[in-house]
Amino acid sequence: MEDRDDRALSQKLATPTPDEIDEVIDAVTGATWGERNRIMENRFAERLSENPDAVPAFSPPGTPLSQA
């Protein structure tokens with residue numbers, strides 16, 4: 001019997017380009033944790049608005065996906 005996690009198979013993966021990786025590294029280098037979180041949240045929201053099908057489902061902690 002194959003042991004696997006079907007949830008992982010159903011997740012959307014938003015594979016970044018090398019340029020996007022470099023942008024993130026440049027953006028968060030030297031930033032505080034709070035700044036890093038805001039930077040990443042903004043990048044996620046930007047990508048979500050551009051192409052919702054290309055990013056994983058997300059909702060803030062404690063919020064069901066159906067209410068996000």
Exercise for review: Could you pull out the closest heavy-atom pair between Met40 and Val24, with the gap in Å?
Suggested key: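 Shortest heavy-atom separation between Met40 and Val24 comes out as SD-CG1, 3.7 Å.
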Check your understanding: Who passes side-chain hydrogen bond (donor to acceptor under 3.5 Å, both in side chains) against Ser49, sequence neighbours left out?
Key ->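 Counting only residues at least two positions away or on another chain, Ser49 forms no side-chain hydrogen bond (donor to acceptor under 3.5 Å, both in side chains).
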Point to revise | With sequence neighbours excluded, residues passing side-chain hydrogen bond (donor to acceptor under 3.5 Å, both in side chains) with Glu35 | key: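 Applying side-chain hydrogen bond (donor to acceptor under 3.5 Å, both in side chains) to Glu35 gives Thr32.
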Point to revise | Neighbour count above 12 (heavy atom, 6.0 Å) for Glu41 CD | key: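 No, CD of Glu41 has 12 or fewer neighbouring heavy atoms, counting only those of other groups under 6.0 Å.
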Review point. Which pairs count as salt bridge (Lys or Arg N to Asp or Glu O under 4.0 Å) when at least one residue sits in residues 22-31, sequence neighbours excluded?
Key: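 Qualifying pairs: Glu23-Arg43.
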